[in-house]
Amino acid sequence: MTAPEQIQLENIADSDYEIFALLKQRYSPRIFKDRKVTEQHLHQLFEAVRWAPSSNNLQPWRFLYAEKGSEAYEKIVDNLTESNKTWAKNAPLLMLTAFHKKTDQGKENFHALHDLGLGLGGMTVQAQYMGIAMHHMAGLDHKKAQQVFNIPEEFHIVSAVAIGYYGGELDDLPQKLQKKEIRERRRMPQNEFAFKNRWGTD
Ligand SMILES: Cc1cc2nc3c(=O)[nH]c(=O)nc-3n(C[C@H](O)[C@H](O)[C@H](O)COP(=O)(O)O)c2cc1C
């Protein structure tokens, strides 16, 4: 077994109850295989979003993606926080996510952020099915990104995502991040967020 495969195995969720294998295997890596995401796989990722549910079927999600080596890729890197910059440049693809703020009647779409998240959730599982990892990032200067890419005001940029096939070497990261890549994954227990009949934990 190769070192990257070993890392993937160790990151499988130690779930309390049995869940779909793709959900157990998904995690947010900071290293990626040095391979372009194929066009076919990219279309499959966006197709997964396309068929996600959305409030009134408004499909408010929008994406701007760029491949490593392009000017647009460097522009996305430039908008990331310093800590995200250190690892996100390992990804062959970077993407900005955004939503359309208004309904067709020009009113505020209060569920647009929800629907973007739902679309990204489906995309993340579809990616996992194809051996592709998606590491979501809130750490970016969304105002600057909006300006740099001339994104109209009616859209709100939410996040950046580093996308690539699982793989890569721990040496691709500085020491501090190498530890994070293989540290134990933790979650709060179900009784802290799923309440029956009344709000709160006993
Ligand atoms: C909306 C969102 C924003 C995130 N922002 C960042 C970020 O800026 N930098 C980072 O390294 N990870 C970021 N993450 C990744 C989370 O830290 C990660 O999902 C969480 O620690 C759980 O780890 P796992 O995805 O490996 O299970 C973000 C995840 C989400 C969903």
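Atoms within each ligand, like the ligands themselves, are counted from 1 in listed order. All values below were derived from every heavy atom in this structure, side-chain atoms included, with hydrogens, water molecules and symmetry-related copies excluded. No experiment lies behind these values; they were computed from the predicted model shown.
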Verify atom 27 (O) of ligand 1: protein non-hydrogen atom under 4.0 angstrom away: yes
Under 4.0 Å from atom 3 (C) of ligand 1, is there any protein heavy atom? yes
So do the side chains of Ile157 and Thr97 get within less than 4.5 Å of each other, counting heavy atoms only? no
Relative to the heavy atoms of Gly139, which atoms of ligand 1 are at a distance of less than 4.0 Å? 8 (O)
If we count only non-hydrogen protein atoms and require a distance under 4.0 Å, does atom 7 (C) of ligand 1 qualify as touching the protein? yes
If you compare all heavy atoms of Arg183 against all heavy atoms of Asn11, which two are closest, and at what distance to 0.1 Å? O-OD1, 4.3 Å
Heavy atom of Arg187 under 4.0 Å from ligand 1? yes
Short list, please: which atoms of ligand 1 are under 4.0 Å from a heavy atom of Arg185? 24 (P), 26 (O), 27 (O)
With heavy-atom distances below 4.0 Å as the criterion, list the atoms of ligand 1 near Ser28. 18 (C), 19 (O), 24 (P), 25 (O), 26 (O)
Protein heavy-atom contact under 4.0 Å for atom 17 (O) of ligand 1? no
Going by atom types only, do Gln59 and Asn57 share a side-chain donor-acceptor pair under 3.5 Å? yes
Looking at atom 13 (C) of ligand 1, tell me if a protein heavy atom falls under 4.0 Å from it. yes
Less than 3.5 Å apart, which donor and acceptor atoms pair up between the side chains of residues 115-137 and the rest of the protein, not counting sequence neighbours?
from: Asp115; atom 1: OD2; to: Ser55; atom 2: N; distance (Å): 2.7
from: Thr124; atom 1: OG1; to: Leu120; atom 2: O; distance (Å): 2.6
from: Thr124; atom 1: OG1; to: His136; atom 2: NE2; distance (Å): 3.2
from: Gln128; atom 1: OE1; to: Tyr166; atom 2: OH; distance (Å): 2.6
from: His135; atom 1: ND1; to: Ser28; atom 2: O; distance (Å): 3.3
from: His135; atom 1: ND1; to: Pro29; atom 2: O; distance (Å): 2.7

Protein heavy atom at shortest distance from atom 11 (O) of ligand 1: His135 NE2, 3.3 Å
Is the backbone N or O of Arg30 less than 3.5 Å from a side-chain atom of Asn90, with the two atoms forming a donor-acceptor pair by type? yes
Filter on ring pair (Phe, Tyr, Trp, His ring centres under 6.0 Å), then keep only pairs touching residues 29-72, sequence neighbours left out; what's left? His41-Tyr165, Phe46-Phe63, Phe46-Tyr65
Can we say Glu181 and Lys179 salt-bridge, meaning some charged N sits less than 4.0 Å from an Asp/Glu carboxylate O? no
Would Asn84 count as being in polar contact with ligand 1, using the rule that some N or O on each side must be under 3.5 angstrom apart? yes
With respect to Pro92, which candidate in Ile163, Asp34, Val37 satisfies the side chain to side chain contact (heavy atoms under 4.5 Å, CB included) definition? Val37
Below 3.5 Å, N or O to N or O, backbone or side chain included: is there any such pair between Tyr27 and ligand 1? no
Looking only at protein heavy atoms, which one is nearest to atom 5 (N) of ligand 1, and how far off is it? Ala138 N, 2.8 Å
When you measure from atom 30 (C) of ligand 1 to every protein heavy atom, which one gives the shortest distance, and what is it? His136 CB, 3.7 Å
Please say which of Glu153, Glu154, Glu108 ends up in a salt bridge (charged side-chain N to carboxylate O under 4.0 Å, His left out) with Lys101. Glu153
